[in-house]
Amino acid sequence: MAEAPRAALALIDCNNFYVSCERVFDPRLRGVPVGVLSNNDGCFIARSEELKALGVRMGTPAFQIRDLIRRHRVRVLSSNYALYGSMSARVNAVLVGFAPAEAYSIDETFLDLAGIAGRDLRPLCQDLRATVLRWTGIPTCVGVGPSKTLAKLANAAAKADPALGGVCDLTEPQARAAVLAAFPVAEVWGVGPATAAKLAALGITTAAGLRDLDPKQARALGTVALERLVWELRGLACLDLELVAPPRKGLAVTRSFGRPVTTLAEALEAVAAHATRAAEKLRAHGLVAGRLSAFAHTAPHHPGPQHHAARATALVPMTADTRDLVAAAGRCLAAAWRDGFAYAKAGVVLEDLCPPEAAPRTLFDAPRPGSERLMAAVDRLNARFGRGTVFPAAAGTERAWAQRAAHRSPRYTTRLDELPVARA
DNA sequence: TCTGGGGTCCTAGGACCC
DNA sequence: TCTGGGGTCCTAGGACCC
């Protein structure tokens, strides 16, 4: 009987992805501590190795380490998602040339190496890293294992130990034992703080400990997800590679305000702008929505009275028309609004998404005539002349509530007027 | 003064039905 | 002197991920 092909999944993870993207286009950022901030210039969401070495943790609020930033001349950047999204597409374009691929997140891709398994995979993985680096400028690490969870774990091991040269292969059970015994269970993919605490109470602190937990006990302790994790750590793949992206279920546009908002009029403007952006995203996916909710809430970190204003409504008929979504969002927020609070954040969430041809027909609520053609024209104008060229009046022009983004780099790869310039 | 945004999956519990 | 059992659907909230 022929032996079944050995399962081998590779996870390619870009190193310090956002920082690496910035460094591709600005060499002055190389070799110095660099951090990229979240929206609103709030906290650090990407750090160069030099910044990690200074002890700056993921998610640290920028204002808390102002001193350290000045002392060590940390280069601080606002996030530039147009650049990162486009660089991510470049990396994936390289990877799909190697093997069937699942783009898991903006900086991680799984590859199915089963067809190539049975020989040493390390030279292939090194070739893959070198090709991505040469063609995109982005450094990566590669982890290989018989399941997604073990591939993730192998990747973390490759990142942690420079001696491995950026590649760690855990397909062989002998290779796994030592790595799992040294790997903190709290860092296993799928184990968050709540589960880690429950496991610690049982004396389980390493990935090896979780692997050896009775699957039934794992299910009782957590959920079916924790039981699956035990099997995955034992080398049994429970999570399939998703070569075709599953249909999207929901979509949200939420933003903190640049400063506290106290009036309904201002919050309505913000929510109209968010609904406008949500409608654009919805149409870009070729979908319509059946349900919308809008919210505004106060800042949970701040003292003072807290309030979370939120309402949802059905969209009948289902729609992707900016005018419908802006109107629905405004009605929801106005209905939920209470005066007397300092609101910090607002958003619009769309759910029950489906392609228009799958949307139920309604007898009495006909869709707006000409909606599709009008929206297509608006999208074309905004694509050609820049986002925000055409927008509903309700979204306002003052935008005093808008976010800070004081340090954004140019959109090198997606805007002609922001192309990098080389002087020779 | 200053603490992100956008997703998915799972479960419990209520409403409702036969 | 005593109130079934089982099924589906929906929603809210928790947990986790990047």
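Values below: every heavy atom of this structure, side chains too, minus hydrogens, waters and symmetry copies. Fair warning: this is a prediction, and the values are worked out from it, not measured in the lab. Letters go in sequence order (proteins before strands), and every chain restarts at 1.
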### Query
Heavy atoms, side chains only, cut-off 4.5 Å: are A:Leu241 and A:Leu9 in contact?
yes
### Query
For the pair made of CE in A:Met58 and P in C:dC17, what is the distance, rounded to whole Å?
13 Å
### Query
Is the ring centre of A:Phe44 less than 6.0 Å from the ring centre of A:Tyr18?
no
#### Entry: A:Ile45 side-chain proximity, nearest of B:dC2, C:dC16, B:dG4
B:dG4
### Message
So A:Arg323 and A:Met375, do their side chains get closer than 4.5 Å, heavy atoms only?
### Response
yes
### Query
Picking from B:dT3, B:dG7, C:dA15, which would you name as closest to the side chain of A:Ala252?
B:dG7
### Task
Could you pick out which residue, A:Arg219 or A:Arg248, lies toward the 5' side of DNA chain B when each is mapped onto its nearest nucleotide?
A:Arg248
### Task
Could you tell me whether the phosphate oxygens of B:dT3, OP1 or OP2, come under 4.0 Å of any side-chain nitrogen or oxygen in A:Ser256?
no
### Task
Tell me which nucleotide among B:dC2, C:dC18, B:dT11 gets nearest to the side chain of A:His302.
B:dC2
### Message
Of the options C:dC16, B:dT8, B:dG6, whose atoms approach the side-chain atoms of A:Lys249 most closely?
### Response
B:dT8
### Query
For the side chain of A:Ala194, counting heavy atoms from C-beta on, which of C:dT11, B:dT1, C:dA15 is nearest?
C:dA15
### Task
Can you tell me, in whole Å, how much space there is between the C1' of B:dC16 and that of C:dG4?
16 Å
### Message
Holding to side chain to side chain donor-acceptor pair (under 3.5 Å), I want the full list of residues that pass it with A:Ser293, two or more places apart in sequence or in another chain.
### Response
none
### Message
Just to be sure I understand the rule, does A:Glu227 reach a base, reach only the sugar-phosphate, or reach nothing, if contact means heavy atoms closer than 4.0 Å?
### Response
nothing
### Message
Run through DNA chain B and report every stem of 3 or more consecutive Watson-Crick or G-U pairs, distances under 3.5 Å, ordered by first number.
### Response
B:5-18 with C:5-18
### Query
B:dC9 phosphate, OP1 or OP2: any side-chain N/O from A:Thr223 under 4.0 angstrom?
no
### Query
With a non-hydrogen cut-off below 4.0 angstrom, is A:Asp41 in contact with a base, only sugar-phosphate, or nothing?
nothing
### Query
With a 3.5 Å cut-off and no angle check, do the side chains of A:Asn80 and A:Ser409 form a donor-acceptor pair?
yes
### Query
B:dC10, B:dT3, C:dC16: which one has an atom nearest the side-chain heavy atoms of A:Val224?
B:dC10
### Query
What is the distance, rounded to the nearest whole Å, between atom NE2 of A:His297 and atom P of B:dT3?
12 Å
### Summary
From CZ of A:Arg259 across to C1' of B:dT1 the rounded distance in Å is 14 Å
### Message
I'd like to know whether the aromatic ring centres of A:Phe183 and A:Trp189 sit less than 6.0 Å apart in this structure.
### Response
no
### Query
Using 4.0 Å as the upper bound for N to carboxylate O, is an ion pair formed by A:Glu102 and A:Lys148?
yes
### Message
Mind checking if A:Gly250 touches a base, just sugar-phosphate, or nothing, with heavy atoms under 4.0 Å?
### Response
sugar-phosphate
### Query
Is the phosphate of B:dG4, meaning OP1 or OP2, less than 4.0 Å from a side-chain N or O of A:Gln403?
no
### Summary
With the side chain defined as heavy atoms from C-beta on, A:Cys43 is closest, among B:dT11, B:dG4, B:dG6, to B:dG4
### Query
For A:Pro193, which contact category applies under a 4.0 Å heavy-atom criterion: base, sugar-phosphate, or nothing?
sugar-phosphate
### Task
Looking at every strand, decide which applies to A:Ser79 at a 4.0 Å heavy-atom threshold: base, sugar-phosphate, or nothing.
nothing
#### Entry: Nearest listed nucleotide, side chain of A:Lys152, among B:dC10, C:dC18, B:dG5
C:dC18
#### Entry: A:Asn39 side chain, from C-beta outward: closest of C:dT11, B:dG5, C:dC18
B:dG5
### Task
Would you please confirm or rule out a distance under 4.0 Å between OP1 or OP2 of B:dG5 and any side-chain N or O of A:Lys345?
yes
### Task
Check the side chains of A:Asp321 and A:Ser371 for a donor-acceptor pair under 3.5 angstrom, ignoring hydrogens and angles.
yes
### Message
Taking any heavy-atom pair under 4.0 Å as a contact, classify A:Val188: base, sugar-phosphate, or nothing.
### Response
sugar-phosphate
### Query
How many Å lie between OH on A:Tyr104 and P on B:dG6, as a whole number?
18 Å
### Query
Strictly under 6.0 Å, is that where the ring centroids of A:Phe295 and A:His308 end up?
yes
### Query
B:dT1, B:dT3, B:dC10: which one has an atom nearest the side-chain heavy atoms of A:Gln64?
B:dT3
### Query
Given atom CD of A:Glu108 and atom C1' of B:dG7, what is their separation to the nearest angstrom?
14 Å
### Query
Once you round it to whole Å, what is the distance between P of B:dT8 and CZ of A:Arg228?
15 Å
### Task
Would you classify A:Leu251 as touching base, sugar-phosphate or nothing, given that sugar-phosphate means primed atoms plus P, OP1 and OP2, and contacts are heavy atoms under 4.0 Å?
sugar-phosphate
### Task
Round to the nearest Å and state the distance from A:Arg255 atom CZ to B:dG5 atom P.
6 Å
### Between P of B:dG7 and CD of A:Glu351, the distance in whole Å
11 Å
